[in-house]
Amino acid sequence: MEAVTGPPLLLATQAISTLERCKTMPELRQVHAQIIKTNLVSHTFTVSKLISFCCFSGVSGGLNYAVSVFRRVQNPNPFIYFMLIKSLSESSNPLDSITLYAHMLTRLEDWKRVEFSLPSVIKACGRLNGLEEGKQIHGQILKTQFVFDPFVANAMIRMYFEVGEVDLARRMFDKMPERDVISWNSMITGYLRVGEIELARRLFDMMPDKDLVSYNAMIDGYGKSGKCELAEEIFGVTIRKDVKTWTSMISAYVLNYQPRKALDMFREMLSVGVNPDGPALVSVISAIADLGFVEEGKWIHKYVSSSGIEMNSGFIGSALIDMYAKCGHIENAYQVFRTISQNRNIGDWNSMISGLAIHGLGDESLEIFRDMEKMGIDPDEITFLGLLKACSHGGLVDDGKFCFKLMQEKYSIVPQVQHYGCIIDLLSRAGHLEDALRILWNMPIEPDVLAWKAILSASVKHGNVKIGEAAAFRAIELAPEDSSCYVLLSNIYAKMGRWDDVAKVRLMMKQKRVGKVPGCSSILVKGKVHVFLAGKAMDEKCTDEVLFKIEGIVSRLKLEGYKPDLTQVLLDVEEEGKECLLSLHSEKMALAFGLINIKNDALIHIVKNLRVCCDCHSFIKLVSKVYNRQIVVRDQNRFHHFENGFCSCKDSW
DNA sequence: GTAGGGTTAG
């Protein structure tokens, strides 16, 4: 074939401009072929551009291609080395970066020209957890470098933090002849990551010229360590906030269970004209998921579609799937899952699996898992948590046992305490209390409250006082502040009519100052959220009407055989008083309100903060039959779809 | 060339 000829400069310019428009590997190969044909391979500048594009354009497979191009370069200059070292240091094989650096040292002697690559090699040491390699490079720098370089020192600080050598990082920082804003910020973020919040704050207060990164890092660090008020304080004094400032504050609220504030913050961000990007949307979507505000969620979904943010890049897909599932719209979750069928990441699969789990759709969840395996995607520990939960909520005992085995034997995932909690929950819920106890006694780590609570709830359900009592005492020991353990214990006693013991539990709670978390249910009517606390409506005006309605429902249900389950009431009061307290459970109030205000064919959708109690559960089942309504309740654990007297949880939750 | 924000579980 005739070689294309022409003035090299012109050819090079053309080749480079075609190169920079490449989106895929085949296109890249074509340009490379052109470069070879026109003999531009000997044109160092063009080859540099080619390698640089392969390394940094994000075209998948680019880095490997860059390495293969590099191998054919006769005398790579320091810049070409640098690009590869940097790119490799950020790849999944940071060790290659160090190897290439060592190779470069044997080829190039002028230290001044190779030190450009040092920050990247140091970063690679950190990512590898390679303290020894890091120290070696540190030693070499001390021997060879005569002029202090802040870039190198700053990279070193980060590396030491990453390998867990907090003191070495600090020594580095203290010894630096001069520190720039990045040195300070690196120390602050390093301290925050290892949980040294106060040390981070001290440096933050001391540092001379804080920039936005310093403020954002503090907000983020406070949010992640549960100190929301302090995050708010810093947020309040941050001027010229950018989208990361807002995202840090929004996610601080999400992490600290204040989704309402997170959503308000997001709205405020929009109102001051800051455009949300991927991460900002992801964090607000998770707030919306917690709130169950599907309308807001749909709005964000549309926003994502119209904003050009890729659905299958980052966590947007997983967040949307999770949100739809938690809002009860499992079909929409499926739909998002299907739209991102190309390039699904592990989070997308996990969100779908867990989403199906909370709807009690165990078989569907297992089916997704099988698809995942077929496509050669390795599940992680979260996948199995979702699967175990799905089996647990779907009553699939054998499948659950199989998954628990599979994760260990096929995928070598060591079960964590949550996995044990799930399998114990699964077994005990299904009435296999002895199997559950066997696992609990033999587990290699200390069982947590959740494991004991699983045993406890099952004992309440199956009326096993002895085991229940023991589990309750252990659970209370582990989490004395958790009121639900006391409540369950008292439920066991109440069931047996042991009112003296019920009173003892009450006294214990009083002594330990444990407050019972009030039940709280909300319902969306005509675009407005109405909240009911056990015993009263937050909007006083509707209380009377609701109480009247509940009375009506109760008497109608009694004709159908409804008997209030008085053992669900913790207090030792007269039977009549108990019945009254029982009818004031927040989900009953929300339901009554829904029956009054939501037209006949529409779904009634209630969100509750705690688990639905037994009495409310049978109450709602009957309502769905007698009033011929479809009712969906999302409680702390899962969804209940009530229809025609039945619940999707098959009475096991 | 060095520093900052995001999901699924809990």
Side-chain angles (χ1 to χ4, degrees), chain A residues 78-79 82-83 85-86 89 114-123 126 149-159 161 179-190 192-193 207 210-221 223-224 238 241-252 254-255 257 276-287 289 309 313-323 325-326 333 337 344-355 357-358 379-389 416-419 421-422 448-450 636-637:
Chain A
F79 184 63
F82 159 71
M83 287 187 297
I85 289 172
K86 176 170 163 65
S89 74
V114 303
E115 68 177 349
F116 230 67
S117 296
L118 277 172
S120 299
V121 200
I122 295 167
K123 186 179 203 171
D149 183 344
F151 284 86
V152 172
N154 293 342
M156 207 72 89
I157 290 177
R158 185 187 159 91
M159 183 272 292
F161 269 116
R179 304 178 189 102
D180 59 16
V181 65
I182 295 178
S183 322
W184 288 90
N185 287 342
S186 302
M187 280 307 293
I188 290 172
T189 52
L192 290 171
R193 278 196 195 126
M207 81 182 276
K210 304 175 193 35
D211 67 359
L212 203 46
V213 176
S214 333
Y215 285 90
N216 292 355
M218 281 313 299
I219 296 169
D220 191 58
K224 290 199 170 110
T238 307
K241 304 175 176 70
D242 67 0
V243 66
K244 292 184 188 186
T245 320
W246 290 93
T247 307
S248 297
M249 198 58 232
I250 292 169
S251 76
V254 172
L255 289 171
Y257 312 103
D277 59 1
L281 291 168
V282 167
S283 50
V284 76
I285 292 171
S286 111
I309 293 172
S313 75
F315 306 127
I316 294 269
S318 338
L320 282 173
I321 294 168
D322 173 61
M323 181 275 294
K326 284 188 182 152
F337 186 67
R344 278 185 199 139
N345 62 38
I346 182 94
D348 303 329
W349 292 94
N350 289 351
S351 290
M352 195 66 229
I353 289 173
S354 310
I358 54 172
D380 63 8
E381 62 278 6
I382 295 175
T383 317
F384 282 102
L385 270 178
L387 282 172
L388 290 171
K389 207 160 232 262
Q416 299 156 357
V417 71
Q418 296 102 312
H419 295 99
C422 276
D448 63 355
V449 212
L450 292 171
Q636 202 179 33
N637 281 336

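Letters A, B, ... mirror the listed sequences (proteins, then strands); counts begin at 1. This is a predicted model, so every value here is computed, not measured.
Regarding A:Met156, its CE atom lies at a distance of 13 Å from the P atom of B:dA3, rounded to whole Å. One can place CD1 of A:Ile382 at 6 Å from C1' of B:dT8, the figure rounded to the nearest angstrom. Rounded to a whole Å, the CD1 atom of A:Ile285 is 10 Å from the C1' atom of B:dG6. The interatomic distance linking A:Met218 (CE) with B:dG5 (P) rounds to 13 Å, in whole Å. Between the P atom of B:dT2 and the CG atom of A:Asn154 lies a distance of 10 Å, rounded to the nearest Å. Atom CD in A:Glu381 sits roughly 9 Å away from atom C1' in B:dA9 (whole-Å rounding). A:Ile353 places its CD1 atom 14 Å from the P atom of B:dG10, with the value rounded to the nearest Å. In this structure, CE of A:Met352 is placed 15 Å from P of B:dT8, rounded to the nearest angstrom.
One N or O donor and one acceptor, one from the side chain of A:Ser318 and one from the base of B:dT7, sit under 3.5 Å apart. Side-chain atoms of A:Asp242 and base atoms of B:dG5 include no donor and acceptor less than 3.5 Å apart. Applying the 3.5 Å distance criterion, the base of B:dG1 shares a donor-acceptor pair with the side chain of A:Asp149.
Remark: ring of A:Phe116 overlaps the six-membered base ring of B:dG1 in a stacked fashion, centroids less than 5.5 Å apart, planes less than 30° apart.
Inter-residue side-chain proximity for A:Val213 and A:Ile188 is flagged as unmet; no heavy-atom pair is nearer than 4.5 Å. Within the 4.5 Å cutoff, no side-chain heavy atoms of A:Leu192 are placed close to those of A:Asp220.
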Original post:
Are A:Asn350 and A:Asp322 close enough, and set up right, to give a side-chain hydrogen bond (donor to acceptor under 3.5 Å, both in side chains), and what steps lead you there?
Top reply: CA-CA 9 Å; A:Asn350 289 351; A:Asp322 173 61; over 6 Å; no
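Heavy atoms of A:Val243 sit under 4.0 angstrom from at least one base atom. Contacts of A:Lys210 with the nucleic acid, taken as non-hydrogen atoms under 4.0 Å apart, are absent. Backbone-only contact: A:Phe82 has heavy atoms under 4.0 Å from sugar-phosphate atoms and none from a base. Among the heavy atoms of the strands, none lies under 4.0 Å from A:Arg179. Counting non-hydrogen atoms under 4.0 angstrom, A:Asp380 reaches nothing in the nucleic acid. As judged by a 4.0 angstrom heavy-atom cut-off over every strand, A:Asp211 is placed among the base-contacting residues. Residue contacts shown for A:Lys241 are absent, as no nucleic acid heavy atom lies under 4.0 Å away. Using a 4.0 Å heavy-atom cutoff across all strands shown, A:Leu450 reaches sugar-phosphate atoms only and no base atom. Using a 4.0 Å heavy-atom distance criterion, A:Ser248 is classed as a sugar-phosphate-only contact. A:Val152 comes within contact range of at least one nucleobase, with a heavy-atom separation under 4.0 Å.
Candidate nucleotides B:dG10, B:dG6, B:dA3 were compared by shortest atom distance to the side chain of A:Lys389, and B:dG10 ranks first. When distances are taken from the side chain of A:Asp180 to each of B:dG5, B:dT2, B:dG10, the shortest belongs to B:dT2. Of the listed nucleotides (B:dT7, B:dG5, B:dA3), B:dA3 has the atom at the smallest distance from the side chain of A:Ser186. For A:Gln418, the listed nucleotide lying nearest its side chain is B:dG10; candidates were B:dG10, B:dG6, B:dT8. Taking the side chain of A:Ser283 as heavy atoms from C-beta on, and the options B:dT2, B:dA3, B:dG6, the nearest nucleotide is B:dG6.
One finds the CE atom of A:Met83 at 10.0 Å from the OG atom of A:Ser117 (value rounded to the nearest 0.5 Å). To the nearest 0.5 Å, atom OG of residue A:Ser251 and atom NZ of residue A:Lys224 are 6.0 Å apart.
Taking only side-chain nitrogens and oxygens, A:Arg158 never comes nearer than 4.0 Å to OP1 or OP2 of B:dT2. Phosphate proximity of B:dA3 to A:Lys244: absent, as no side-chain N or O sits under 4.0 Å from OP1 or OP2.
For the pair A:Arg344 and A:Phe337, the distance from NZ or CZ to the six-membered ring centre is under 6.0 Å and the angle to the ring normal is within 45 degrees.
Between A:Leu387 and A:Ile353 the shortest heavy-atom distance is N-CG2, 3.8 Å.
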